[in-house]
J.: 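One structure coming up, written as structure tokens, with questions to follow.
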Amino acid sequence: MLDVKFVRSHFDQVSQMMRNRQTDMDLQPLLDLDAQRRSILVEVEELKHQRNVANEEISKLKREKKEDPARLEHMREVSQKIKALDQRLAAIEQEFKDLLLLIPNMPHESVAIGRDEKDNPVVRTWGTAPRFDFDPKAHWDVGEDLGILDFERAARMTGARFALYWGAGAALERALISFMLDVHTKRHGYTEVLPPFMVNSTSLIGTGQLPKFREDLFKLENRDFYLVPTAEVPVTNIHMTEILDEDELPKYYTAYTPCFRSEAGSHGKDTRGLIRQHQFNKVELVKLVKPETSYEELERLLQNAEAILQALDLHYRVVLLCTGDMGFSSSKTYDIEVWLPGQNTYREISSCSNFEDFQARRANLRFRRRGQSKTELLHTLNGSGLAVGRTLVAILENYQQSDGTVVIPPALRPYMGNMERIEKQR
RNA sequence: GGAGAGAUGGCCGAGUCGGCUGAAGGCGCUCGCCUGCUAAGCGAGUGUAGGACGUAGAGUUCUACCGAGGGUUCGAAUCCCUCUCUCUCCGCCA
């Protein structure tokens with residue numbers, strides 16, 4: 001959420017931002033509501049002041065065993081007026097808040113203006129694509145041929161966009177989770193947390209999934225519980241409504257959770273394989289930091305995510321998302337795209353963003369500097385470190401051999417009982 | 001699922017028959033004094049959010065908030081209703 005005062009004083013800039021993000025929304029109603037809201041506020045607060053003063057006098061009379069029925073009658077009218085105004089104010093504030101929650105974040109000045117992913121500049125490339133003396137298969141073929149991925153039975157027991165992992169496939173997924181968490185906790189200084197896999201609507205508003213992207217979520221019936229679409233939601237909200245001490249910052253958290261996404265609107269896209277599932281595993285990195293450090297923290301967060309791919313020796317590139325491709329809540333986002341030889345393309349495997357104070361304002365994430373009385377909003381960041389299913393995809397495709405087996409990257413072997421190669425499961 | 005108890009400031013905790021309680025008292029914290037050091041002692045200060053006026057910076061003032069929402073009343077932390085959460089006992093259970 002943007003600061004209303006900012007929207008008021010930078011109206012043209014915010015309007016231009018909306019166009020740069022390919023979003024169409026008229027901001028004028030928001031300003032009108034804000035003006036109404038403040039004018040009613042002045043009126044009702046004045047009446048409440050009158051009431052408070054009168055109450056003190058009535059109270060004094062009462063103690064002196066005196067009465068003033070005319071006064072009471074007058075105050076009854078004042079109270080009714082206050083009640084009516086309060087109701088109007090509440091309605092206007094609701095409408096105002098609803099609109100404000102729909103305005104996306106301001107992109108950082110370093111973000112290129114562009115329409116879609118074709119306009120995302122490549123920041124850097126790491127490693128080289130492996131060479132094959134045979135035609136590399138797509139991971140769904142590699143996985144099904146080895147008997148470690150089973151889409152058919154998953155579809156039967158649940159539905160499309162779910163997968164059943166068998167044997168070494170299941171173990172590899174689990175190994176990746178442990179490996180990633182270990183790297184981030186032991187080498188990068190993150191604290192591991194294991195949050196609930198369901199969250200309430202307040203948390204989802206806090207991080208920006210609600211109210212605008214409701215259709216992307218799975219919600220439980222008759223309860224205010226949603227399956228987490230990413231660990232970002234519970235983890236970013238850990239400290240909601242608290243006031244942290246400057247000394248406690250920065251906070252670095254890493255969490256494994258499954259992620260649940262309805263994928264509404266992506267029918268027909270990536271229908272085969274593990275790329276786009278309703279449920280997938282992810283290890284997430286979340287940072288809560290002081291504002292002046294957030295961009296430097298973003299670069300480090302990105303490097304922390306890259307370190308996983310480097311340790312697994314997987315070729316990738318980093319792109320900087322342009323204004324038209326960037327997420328609603330983000331000020332600046334880097335995507336890491338891993339090379340998938342079976343599909344001859346780069347695919348997103350991590351998205352690292354700085355949200356500045358956008359989520360902090362929504363989730364009420366504050367801190368206080370040493371010796372200062374004023375509270376300030378934190379800056380929040382997060383990134384995948386990494387999407388586990390897609391990492392498994394990358395391993396199957398990049399490490400496949402001509403005989404159909406898959407070599408396990410050396411870094412993962414300690415997590416796989418020193419297994420060196422996945423062979424056909426019996 | 002059944003029965004009961006509770007939710008007040010950073011923490012503990014008092015609020016009587018609704019009215020001078022934004023909230024006693026204590027702890028903690030900050031600043032000052034005192035002091036071989038430490039400790040103790042003394043003094044002052046110490047919630048959040050929003051609005052109005054105003055400033056170079058400051059400041060002045062009003063309103064709201066005692067789990068959340070609603071009701072009664074001239075007036076609610078205090079009374080009534082609904083919800084959420086916590087605790088205790090019983091039942092069930094990984």
Side-chain angles (χ1 to χ4, degrees), chain A residues 1-9 30-101 194-206 210 219-226 234 237-249 251 258 357 359-378:
Chain A
M1 182 161 73
L2 297 178
D3 186 353
V4 205
K5 289 178 198 144
F6 178 84
V7 180
R8 276 208 296 264
S9 57
L30 182 89
L31 291 196
D32 294 344
L33 284 167
D34 180 43
Q36 280 184 53
R37 178 187 140 253
R38 282 184 297 148
S39 101
I40 296 178
L41 209 49
V42 170
E43 195 182 342
V44 78
E45 284 190 354
E46 166 57 25
L47 286 174
K48 283 180 180 173
H49 179 54
Q50 271 182 38
R51 184 175 69 184
N52 288 344
V53 170
N55 282 341
E56 233 169 273
E57 289 166 18
I58 292 170
S59 161
K60 201 187 288 171
L61 283 182
K62 188 85 184 265
R63 261 178 279 124
E64 293 163 5
K65 309 272 190 232
K66 289 184 214 156
E67 269 182 31
D68 184 352
R71 187 88 193 254
L72 288 192
E73 184 52 38
H74 176 242
M75 289 320 293
R76 191 196 311 271
E77 281 165 30
V78 170
S79 266
Q80 270 162 10
K81 216 187 277 180
I82 290 173
K83 199 168 175 186
L85 283 174
D86 266 343
Q87 271 169 10
R88 245 180 81 206
L89 184 65
I92 287 169
E93 276 186 333
Q94 186 59 52
E95 208 182 325
F96 168 75
K97 189 95 191 278
D98 288 349
L99 276 182
L100 196 57
L101 286 172
L194 183 64
F197 297 166
M198 296 181 210
V199 288
N200 59 30
S201 51
T202 304
S203 293
L204 286 156
I205 288 168
L210 287 180
K219 184 181 187 305
L220 269 68
E221 266 187 77
N222 304 323
R223 308 211 55 165
D224 185 33
F225 289 164
Y226 296 78
N237 283 291
I238 286 176
H239 296 290
M240 76 169 124
T241 75
E242 294 177 26
I243 300 172
L244 300 174
D245 285 338
E246 178 177 20
D247 310 345
E248 300 177 70
L249 299 172
K251 298 261 191 208
D357 63 11
Q359 294 181 324
R361 189 172 290 107
R362 289 173 161 244
N364 220 346
L365 298 167
R366 294 163 296 169
F367 77 104
R368 200 191 324 262
R369 291 184 201 271
R370 197 172 254 297
Q372 297 279 308
S373 59
K374 205 80 204 108
T375 62
E376 291 178 54
L377 293 169
L378 295 166

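Proteins come first, then strands; the chains are lettered A, B, ... in the order of their sequence lines, and each starts at number 1.
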J.: In Å and rounded to the nearest 0.5 Å, what is the CG to NZ distance from A:Asp68 to A:Lys62?
T.: 13.0 Å
J.: Do A:Leu30 and A:Phe96 touch side chain to side chain, with heavy atoms closer than 4.5 Å?
T.: yes
J.: Hey, are the side chains of A:Val199 and A:Asn237 touching, using non-hydrogen atoms and a 4.5 Å cut-off?
T.: no
J.: I would like to know whether A:Arg366 and A:Glu242 meet salt bridge (charged side-chain N to carboxylate O under 4.0 Å, His left out); could you show each step before the answer?
T.: CA-CA 6 Å; A:Arg366 294 163 296 169; A:Glu242 294 177 26; over 6 Å; no
J.: Nearest whole angstrom, please: distance from the C1' of B:U63 to the CD of A:Glu46.
T.: 11 Å
J.: Between B:A64 and B:A23, how many Å separate the two P atoms, rounded to a whole number?
T.: 13 Å
J.: Under 4.0 Å between any heavy atoms, over every strand shown, what does A:Leu72 touch: base, sugar-phosphate, or nothing? Just pick one.
T.: base
J.: Expressed as a whole number of Å, how far does the P atom of B:U82 sit from that of B:A3?
T.: 14 Å
J.: Roughly how far apart, to the nearest Å, are B:A39 and B:G28 at atom P?
T.: 12 Å
J.: Rounded to whole Å, please give me the gap between CZ in A:Phe96 and P in B:G50.
T.: 11 Å
J.: What is the separation between atom CZ on A:Arg366 and atom C1' on B:G50, rounded to the nearest whole Å?
T.: 13 Å
J.: Hey, which sits more toward the 5' end of RNA chain B by its nearest nucleotide, A:Asn55 or A:Lys374?
T.: A:Lys374
J.: Measure from the side chain of A:Met75, starting at C-beta and using heavy atoms only, and say which of B:G50, B:C74, B:G19 lies closest.
T.: B:C74
J.: Which pair of non-hydrogen atoms, one from A:Ile58 and one from A:Leu72, has the smallest distance, and what is that distance?
T.: CD1-CD2, 3.6 Å
J.: Figure out the CG/P separation between A:Asp247 and B:U30, and round it to whole Å.
T.: 11 Å
J.: Between A:Asp245 and A:Arg368, does any side-chain N to carboxylate O distance fall below 4.0 Å?
T.: no
J.: Pick one: which of A:Leu100, A:Val7, A:Asp357 meets side-chain contact (heavy atoms from CB on, under 4.5 Å) with A:Met1?
T.: A:Leu100
J.: Quote, to the nearest angstrom, the C1' distance that separates B:A7 from B:C33.
T.: 41 Å
J.: Is it true that the side chains of A:Gln94 and A:Asp98 contain a donor and an acceptor less than 3.5 Å apart?
T.: yes
J.: Look at the side-chain N and O atoms of A:Arg368 and state whether any lies under 4.0 Å from the OP1 or OP2 oxygen of B:G10.
T.: no
J.: Given side chains that start at C-beta, do those of A:Leu249 and A:Phe367 come closer than 4.5 Å, heavy atoms only?
T.: yes
J.: Between B:A49 atom P and A:Glu242 atom CD, what is the distance in whole Å?
T.: 14 Å
J.: Where along nucleotides 80-87 of chain B does protein come under 4.0 Å, by heavy atom, of base (B) or sugar-phosphate alone (S), with - for untouched nucleotides?
T.: --------
J.: Please lay out, stage by stage, how A:Arg76 and A:Glu73 fare under the test salt bridge (charged side-chain N to carboxylate O under 4.0 Å, His left out).
T.: CA-CA 5 Å; A:Arg76 191 196 311 271; A:Glu73 184 52 38; 3.3 Å; yes
J.: Between A:Thr375 and B:G47, is there a contact of a side-chain N or O with OP1 or OP2 at under 4.0 Å?
T.: no
J.: For the C1' atoms, the ones on B:G18 and on B:A76, what distance do you get once it is rounded to whole angstrom?
T.: 6 Å
J.: If you check the A:Val42 side chain, which of B:A64, B:U48, B:G51 turns out closest?
T.: B:G51
J.: In whole angstroms, how far is the P atom of B:C74 from the NZ atom of A:Lys81?
T.: 16 Å
J.: Please state the P separation for the pair B:G75 and B:G19 - nearest whole angstrom.
T.: 15 Å
J.: Looking at every strand, decide which applies to A:Lys62 at a 4.0 Å heavy-atom threshold: base, sugar-phosphate, or nothing.
T.: base
J.: Think A:His49 has a side-chain N or O under 4.0 angstrom from the OP1 or OP2 of B:U63?
T.: yes
J.: Answer yes if the side chains of A:Asp224 and A:Ser201 hold a donor-acceptor pair under 3.5 Å, and no otherwise.
T.: yes
J.: Let me confirm one number: the CG-CD distance from A:Leu41 to A:Glu46, rounded to the nearest 0.5 Å.
T.: 12.5 Å
J.: Please give the distance between the P atoms of B:G9 and B:C65 as a whole number of Å.
T.: 15 Å
J.: Take N1-N3 plus N6-O4 or O6-N4 for Watson-Crick, N1-O2 plus O6-N3 for G-U, both under 3.5 Å. Which runs of 3 or more such pairs involve RNA chain B?
T.: B:1-7 with B:84-90, B:10-12 with B:25-27, B:28-33 with B:41-46, B:47-53 with B:59-65, B:67-71 with B:79-83
J.: On RNA chain B, nearest-nucleotide positions of A:Arg76 versus A:Arg38: which is more 5'?
T.: A:Arg38
J.: How far, in whole Å, is B:G1 from B:C17 if one measures between their P atoms?
T.: 35 Å
J.: Roughly how many Å is it from CG in A:Asn52 to C1' in B:A76, rounded to a whole number?
T.: 13 Å
J.: To the closest 0.5 Å, what do you measure between CD (A:Glu43) and CD1 (A:Ile82)?
T.: 10.5 Å
J.: N/O contacts under 3.5 Å, protein versus nucleotides 67-71 of chain B?
T.:
none

J.: Closer than 4.0 angstrom, basic N to acidic O: yes or no for A:Lys83 and A:Asp86?
T.: no
J.: Report yes or no: is there a donor-acceptor pair, N or O only, under 3.5 Å between the side chain of A:Glu45 and the base of B:G50?
T.: yes
J.: Separation of A:Leu85 atom CG from B:U63 atom C1', in whole Å?
T.: 14 Å
